[in-house]
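These numbers come from the heavy atoms of this one structure, side chains and all, not from hydrogens, waters or symmetry mates. Numbers restart at 1 for each chain; the letters A, B, ... are given by sequence-line order, proteins then strands.
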Amino acid sequence: MQIRPILAALRRHKAGTILIALQIALTLAIVCNALFIVHERLDRVRRTTGMNEANVVAVQNLYVGSPGTYLPLMKTDLQALRSMPGVEDAYVTNSFPLRRGGWSTTAQRTADGGKDGVQSALYFGDEHALATLGAKLVAGRNFTSSEIASFTRDQQPAPPQVIVTKALADKMFPDGNALGKTIYYIKGRPSTIIGIVEKLTVPWIDTDFIDNVTIMPLLFDSSYQHFILRTKPGQQDAVFKSVANTLYGVNRMRVLPEKNGVRTFEMVRAAAYDADRGMALLMSIVCGVLLAITAAGIVGLSSFWVGQRRKQIGVRRALGARKSDILSYFMTENFLIALAGVVVGVILALGMNQWMLTQFEMQRLSFTYVLVGVVVLLGLGQAAVFAPALRASRVSPVEATRSV
Amino acid sequence: MLKMTHLAKVYRTEVVETYALRDFNIDVKEGEFVAVTGPSGSGKTTFLTIAGLLETFTGGHYHLDGVEVSQLDDNARSRIRNEKIGFIFQAFNLIPDLNVFDNVEVPLRYRGMKAAERKQRIMDALERVGLASRAKHYPAELSGGQQQRVAIARALAGSPRLLLADEPTGNLDTQMARGVMELLEEIHREGATIVMVTHDPELAARAQRNVHVIDGQVVDLAEEPRFHSHAHTAHS
């Protein structure tokens with residue numbers, strides 16, 4: 001190896017060397033963090049809801065007029081929806097996973113509302129809710145029709161029975177015996193846990209209580225509702241197209257918003273993670289552009305150096321260097337510059353992550369990303385320098401005898 | 001040591017063929033100091049590049065130290081250049097980014113020599129040209145004469161069988177040129193085979209034997225030059 005003379009020669013070309021090493025360092029720092037963000041976002045996008053998401057249609061409904069109570073309208077609509085050809089089950093609710101809007105409260109173990117509460121999302125529904133969502137009951141039982149009550153905006157939701165997710169149950173009762181226990185959503189009004197579902201996520205995608213959900217056997221007497229339908233396999237498209245007409249056929253005094261009025265769950269999921277996918281795409285593009293710019297920088301500088309050193313290459317060939325020696329000279333030279341760049345880059349990447357950790361509550365950068373970044377940049381450097389190095393190796397030894 | 005017979009070097013373009021060397025014959029014995037002279041464009045530099053295996057030739061034969069070189073591949077030619085030939089160029093051709101020590105080391109590294117042996121040879125060679133104290137200097141910090149001495153040290157460090165010098169004093173003033181020439185003569189006296197290309201008759205006169213090249217061919221200076229005989233024919 002000719003590392004020492006290469007380093008000696010590089011010391012005489014400090015500006016170019018430092019610039020390209022810095023470019024590699026910055027690229028590594030940004031690419032590592034950007035790829036980490038991409039991975040984080042894609043992980044979120046892939047997160048499951050605990051539902052059986054296939055064959056689900058969600059309808060956003062706003063009753064117009066002031067009928068006093070909306071309960072009869074809701075019940076008629078539900079009857080119509082459940083009778084639709086292609087519909088397996090349906091229920092009406094205030095919210096559902098990935099809707100990005102809904103209710104939450106603090107569940108307490110004591111009646112007086114101590115400070116040991118656990119945050120939980122609230123979903124209202126009847127005995128059809130679990131089947132429609134496809135949520136899996138792992139302990140206890142479902143609601144019965146006789147347990148379904150209603151409440152208005154002026155009242156507080158505190159039914160005698162609730163079904164909770166396992167995550168919430170475990171947080172409330174770490175001993176693991178939550179079933180049958182009493183919890184309080186409203187001070188002094190006990191609810192008994194009659195069932196536990198394996199998993200169901202909250203409507204929001206950015207909370208730290210993503211799996212804490214309570215399902216209450218309630219109908220919310222309000223003009224604004226969401227109907228959730230489970231269709232028979234293969235019938236989702238047909239139901240998606242005809243559900244609005246069915247509802248308008250029952251009662252025209254309503255608004256189903258043109259946009260997002262009727263959505264399949266795939267659409268709900270896509271909308272929920274739109275920003276995440278956008279961010280992942282943006283970060284990927286930033287990575288691609290940065291890597292391309294760095295590669296172009298390396299190709300440019302290497303080509304310039306090869307052009308500048310034609311005579312020197314000829315002299316080396318005259319003194320006995322084989323083509324492969326010249327090729328390896330330039331590859332090694334680039335490797336050394338890139339190595340200096342990645343060493344600085346690793347420090348920068350970790351520093352940048354530390355900063356984002358405090359500023360944006362990002363997670364700690366996994367060292368795998370740094371390692372992958374290092375390998376990618378060293379590889380990129382070698383790939384970028386290969387063509388100029390190959391050109392250099394083809395310089396004839398007779399170049400040594402030519403006057404400039 | 002160096003024997004070319006009926007050697008030809010033709011540069012071809014689509015429309016024209018130019019003979020840089022034609023039926024070129026030369027035989028340099030071991031231990032000889034031969035000056036190859038001739039006017040500009042006569043082909044003496046082409047001869048040197050072919051002799052030094054820097055370029056291939058079109059026809060004829062070239063034996064270097066008993067080896068017919070025309071069939072050798074690029075790697076084999078590189079190895080012969082490295083092991084058997086020492087080059088001294090008119091423009092010194094030191095690598096400006098490397099100091100004197102590293103410059104002299106270049107051919108030794110390509111030979112894969114161990115560091116300790118390299119160091120020994122480099123210091124011996126620099127000692128011989130009187131520049132051991134300048135080992136850490138860069139070429140730009142040396143005079144032209146000193147740079148050429150470093151180039152000679154680089155050529156000598158690998159103990160080559162043949163030294164090829166291309167106008168070795170062409171870029172030097174008279175005093176420095178004299179010093180370099182004396183060094184070459186000293187090296188020759190110690191047994192080296194030297195072939196020097198020059199257009200300077202004074203320098204050529206200091207070699208053991210002169211070979212004159214005109215229009216790509218070796219001309220025997222004992223005979224009347226051809227263009228004279230042509231002129232003579234025209235007048236008769």
Side-chain angles (χ1 to χ4, degrees), chain A residues 1-18 20 301-302 304-334 336-337 389-404, chain B residues 45-56 73-99 101-113 115 118 136 138-140 151 154-155 157-158 160 164 166-167 170-171 197:
Chain A
M1 288 305 279
Q2 31 188 340
I3 290 174
R4 198 187 56 77
I6 291 176
L7 286 176
L10 282 178
R11 272 201 290 277
R12 312 269 294 174
H13 295 271
K14 281 198 190 88
T17 306
I18 290 173
I20 212 81
L301 187 72
S302 306
F304 173 68
W305 277 353
V306 168
Q308 206 185 31
R309 291 190 250 176
R310 272 188 83 80
K311 175 95 171 180
Q312 184 191 127
I313 295 162
V315 172
R316 285 179 182 277
R317 292 279 283 132
L319 297 178
R322 293 163 301 175
K323 286 179 176 175
S324 57
D325 291 323
I326 301 296
L327 187 74
S328 88
Y329 180 95
F330 281 94
M331 303 289 281
T332 309
E333 181 183 72
N334 171 274
L336 292 175
I337 297 173
L390 199 65
R391 248 193 336 272
S393 75
R394 289 181 184 146
V395 169
S396 164
V398 81
E399 202 75 33
T401 61
R402 299 217 168 108
S403 45
V404 183
Chain B
T45 297
T46 303
F47 154 72
L48 190 93
T49 57
I50 292 172
L53 306 189
L54 303 179
E55 245 189 323
T56 54
D73 66 13
D74 194 75
N75 281 350
R77 294 164 67 86
S78 295
R79 198 172 56 246
I80 291 182
R81 281 199 297 271
N82 183 259
E83 292 175 0
K84 297 194 174 179
I85 302 172
F87 286 99
I88 301 160
F89 301 98
Q90 177 175 357
F92 325 136
N93 284 356
L94 297 177
I95 293 170
D97 301 334
L98 301 179
N99 65 25
F101 184 96
D102 290 341
N103 260 291
V104 178
E105 191 181 34
V106 170
L108 306 183
R109 276 187 178 267
Y110 291 130
R111 202 181 289 190
M113 209 175 263
R118 285 203 307 264
K136 295 294 169 197
Y138 282 87
R154 180 175 67 184
L164 292 177
D166 182 13
E167 304 277 12
N171 283 14
V197 163

Proximity of residues 81-91 of chain B to chain A, residues having a non-hydrogen atom under 4.5 angstrom: R81(B), N82(B), F87(B), F89(B)
Under 4.5 Å from any heavy atom of chain B - which part of R11(A): neither
Over all atoms of both residues, closest heavy-atom pair of S396(A) and L54(B): OG-O, 3.9 Å
Over all atoms of both residues, closest heavy-atom pair of A321(A) and S78(B): O-OG, 3.4 Å
Test salt bridge (Lys or Arg N to Asp or Glu O under 4.0 Å) applied to R310(A) - qualifying residues, sequence neighbours left out: E399(A)
Sequence neighbours excluded, every pair satisfying salt bridge (charged side-chain N to carboxylate O under 4.0 Å, His left out) that has a member inside residues 47-56 of chain B: K9(B)-E55(B)
Under 4.5 Å from any heavy atom of chain A - which part of F92(B): neither
Of all pairs that satisfy salt bridge (charged side-chain N to carboxylate O under 4.0 Å, His left out), the ones with a partner from residues 323-332 of chain A, not counting sequence neighbours: R322(A)-D325(A)
Nearest-0.5 Å distance, CG of residue L319(A) to CG of residue L108(B): 10.0 Å
Residue part contacting chain A, namely of R154(B), when any heavy atom lies under 4.5 Å: side chain
Distance, nearest 0.5 Å, that separates CZ of R12(A) from CD1 of I95(B): 12.5 Å
V315(A), part contacting chain B, at a heavy-atom distance under 4.5 Å: side chain
Test log, rule side chain to side chain contact (heavy atoms under 4.5 Å, CB included), inputs R317(A) and D74(B): CA-CA 10 Å; R317(A) 292 279 283 132; D74(B) 194 75; 2.8 Å; yes
